[in-house]
Amino acid sequence: MSDLVDAPGEPLVLVPGLNNSTRLWNGLIAALPRSIAPHPVECPALDDVDAVAAALLSRLPPWFWLCGFSFGGYVALAMLARAPERVKGLALVATTARADSERQKEARRASIARAAAGEYEALTASQARFVFHPDNLDRSDLQDLRRAMAREYGAERFMAHLAACIARPDRSDLVAASHIPVLVAAGEADQVVPTERQRQMAESIPGACFVAVSGAGHMLPVERPADLAHALAAWMAMPAAAGVPAEAGR
């Protein structure tokens, strides 16, 4: 659990994605205003997003703003489903509310098999070219950070979370019917969760804000942390953070 739990300000829970540790949020946290109290969390190695959500909820403040990145978005949606009264607003970053397609499930099963065969590090290294904006592929700081997070995350957690991805339900209706403020934030060149698909999700949510951040791919929180921090802070500061149409944050 984060050592920032007792910090003053609006609590913002930050849930990372696959192969990520809380280091994912360091740049973003540094750029947040003091009015926001960040709570970066680690997702336990459980093979069900609802079980992950329950474990996190048991250790979090009574209410909070919630930001989920990629796999963390699936967990965030499960948290919203379990405890809607505790979530003041939901930010979905480089993620989707849809369930996996059969093709995606097969790809994840293949990755589980490779990780179980001892190929976890090789597998994560091979995915780097898909998760970063082309302009960031040669940035050694980002590559080093991603490798360090993958080592901390480990094969066991990777396999459990892939299984959780496969089994998760479609929660498109949940987020569309929610009455809380929603922000959808995408990198302009996301190859993992296509930016246009994220835009469409935002358009399906009444009052949602959408922002596409230039110079970022799927790894938006580390590629453009200050831009994402600014988008989150601006969204949280809106009057009731509600009634703002999609595209307003762009």
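Across every non-hydrogen atom of Asp48 and Ala51, the tightest pair is OD1-N, 2.9 Å. Contact record, Val175 with Ala97: CG1-CB, 4.0 Å, taken as the closest heavy-atom pair. Scanning both residues, His133 and Gly215, for their nearest heavy atoms gives CD2-C, 3.6 Å. Summarising the geometry of Met159 relative to Ala115, their closest heavy-atom pair is CG-CB, 3.7 Å, with the distance given to 0.1 Å. Taking both residues in full, the closest heavy atoms of Ala55 and Leu46 are given as CB-CD1, 4.4 Å, listed atom of the first, atom of the second, then distance. Across Ser204 and Pro206, no two heavy atoms sit closer than the pair O-CD, 3.6 Å.
A heavy-atom distance below 4.5 Å is not found between the side chains of Leu14 and Pro221. Counting heavy atoms from C-beta on, the side chains of Leu232 and Ile36 never come closer than 4.5 Å. Taking 4.5 Å as the limit, every side-chain heavy atom of Asn19 sits out of range of all side-chain heavy atoms of Arg157. Looking at heavy atoms from C-beta onward, Leu56 lies in side-chain contact with Met79 at the 4.5 angstrom threshold. Counting heavy atoms from C-beta outward, Cys209 and Met238 have side chains that approach closer than 4.5 Å. Looking only at side-chain heavy atoms (C-beta outward), Glu196 and Gln200 come within less than 4.5 Å of each other. Using a 4.5 Å heavy-atom cutoff, the side chains of Val93 and Ser70 are not in contact. Annotation: side chain of Val15 is not in contact with side chain of Val52 (no heavy-atom distance under 4.5 Å).
Between the side chain of Thr195 and the backbone N or O of Gly187, at least one donor-acceptor pair lies under 3.5 Å. Side-chain atoms of Thr124 come within 3.5 Å of backbone N or O of Tyr120 as a donor-acceptor pair. Looking at Asn136, its side chain never comes within 3.5 Å of a backbone N or O of Arg139 through a donor-acceptor pair. Between the side chain of Arg82 and the main chain of Leu57, no donor-acceptor pair closer than 3.5 Å is present. Under a 3.5 Å cut-off, the side chain of Arg108 and the backbone N or O of Asp100 do not form any donor-acceptor pair. The backbone N or O of Ser126 lies less than 3.5 Å from a partner atom in the side chain of Arg129, making a donor-acceptor pair. Gln191 places no side-chain N or O within donor-acceptor distance of the main-chain N or O of His218, the cut-off being under 3.5 Å. Under a 3.5 Å cut-off, the side chain of Gln143 and the backbone N or O of Leu137 do form a donor-acceptor pair.
Between Phe69 and the options Thr95, Asn20, Leu28, a side chain to side chain contact (heavy atoms under 4.5 Å, CB included) holds for only Asn20. When each of Asn26, Asp141, Leu24, Leu228 is checked for a side chain to side chain contact (heavy atoms under 4.5 Å, CB included) with Val222, only Leu24 meets the rule.
A salt bridge does not link Glu121 with Arg147: none of the charged nitrogens is closer than 4.0 Å to a carboxylate oxygen. The pair Arg103-Glu106 does not count as a salt bridge, with every side-chain nitrogen at least 4.0 angstrom from each carboxylate oxygen.
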Next item on the list: Test side chain to side chain contact (heavy atoms under 4.5 Å, CB included) on Asp190 and Val131 and set out the steps.
Entry: CA-CA 7 Å; Asp190 194 333; Val131 300; over 6 Å; no
Next item on the list: Show your working on side chain to side chain contact (heavy atoms under 4.5 Å, CB included) between Tyr153 and Ser21 and close with a plain yes or no.
Entry: CA-CA 6 Å; Tyr153 185 84; Ser21 69; 5.9 Å; no
Item checked: Stepwise side chain to side chain contact (heavy atoms under 4.5 Å, CB included) check, Phe210 with Val182 -> CA-CA 9 Å; Phe210 176 78; Val182 175; over 6 Å; no
Next item on the list: Evaluate the side chain to side chain contact (heavy atoms under 4.5 Å, CB included) criterion for residues Arg224 and Ser214: first the C-alpha distance (whole Å), next the side-chain angles of each, then the deciding distance (0.1 Å), finally the verdict.
Entry: CA-CA 8 Å; Arg224 291 291 183 269; Ser214 61; 5.6 Å; no
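Residues satisfying the salt bridge (charged side-chain N to carboxylate O under 4.0 Å, His left out) criterion with Glu119, sequence neighbours excluded, are Arg114. Applying the ring pair (Phe, Tyr, Trp, His ring centres under 6.0 Å) criterion to Phe132, with sequence neighbours excluded, gives no partner residue. Take Phe64 and apply the ring pair (Phe, Tyr, Trp, His ring centres under 6.0 Å) test, not counting sequence neighbours, and it matches no residue. Every salt bridge (charged side-chain N to carboxylate O under 4.0 Å, His left out) that Asp50 has, sequence neighbours left out, goes to Arg171. Qualifying salt bridge (charged side-chain N to carboxylate O under 4.0 Å, His left out) partners for Glu156, counting only residues two or more places apart in sequence or in other chains: none.
With rounding to the nearest 0.5 angstrom, the CG atom of Leu183 is 8.0 Å from the CG atom of Leu92. A distance of 5.0 Å separates CE in Met236 from CG in Leu12, rounded to the nearest 0.5 Å. The CZ atom of Arg109 sits 11.0 Å away from the CG atom of Leu162 when rounded to the nearest 0.5 Å. To the nearest 0.5 angstrom, His39 atom NE2 is 14.0 Å from Trp25 atom CH2. A distance of 4.5 Å separates OG1 of Thr22 from CD of Glu42, quoted to the nearest 0.5 Å. In this structure, SG in Cys67 is found 8.5 Å from CG in Leu90, a value given to the nearest 0.5 Å.
Cluster annotation: Phe130 and Leu18 are assigned to distinct hydrophobic clusters (Ile/Leu/Val/Met/Phe/Trp/Tyr, side-chain heavy-atom contacts under 4.5 Å, transitive).
For CG of Asp173, the number of neighbouring non-hydrogen atoms (other residues, nucleotides, ligands) closer than 6.0 Å is 12 at most. Atom CG of Asp144 has more than 12 heavy atoms from other residues, nucleotides or ligands within 6.0 Å.
For the side-chain hydrogen bond (donor to acceptor under 3.5 Å, both in side chains) condition, the pairs that include at least one residue of residues 84-94, sequence neighbours left out, are Glu10-Lys88.
Between His161 and Tyr74, the ring centre distance reaches or exceeds 6.0 Å.
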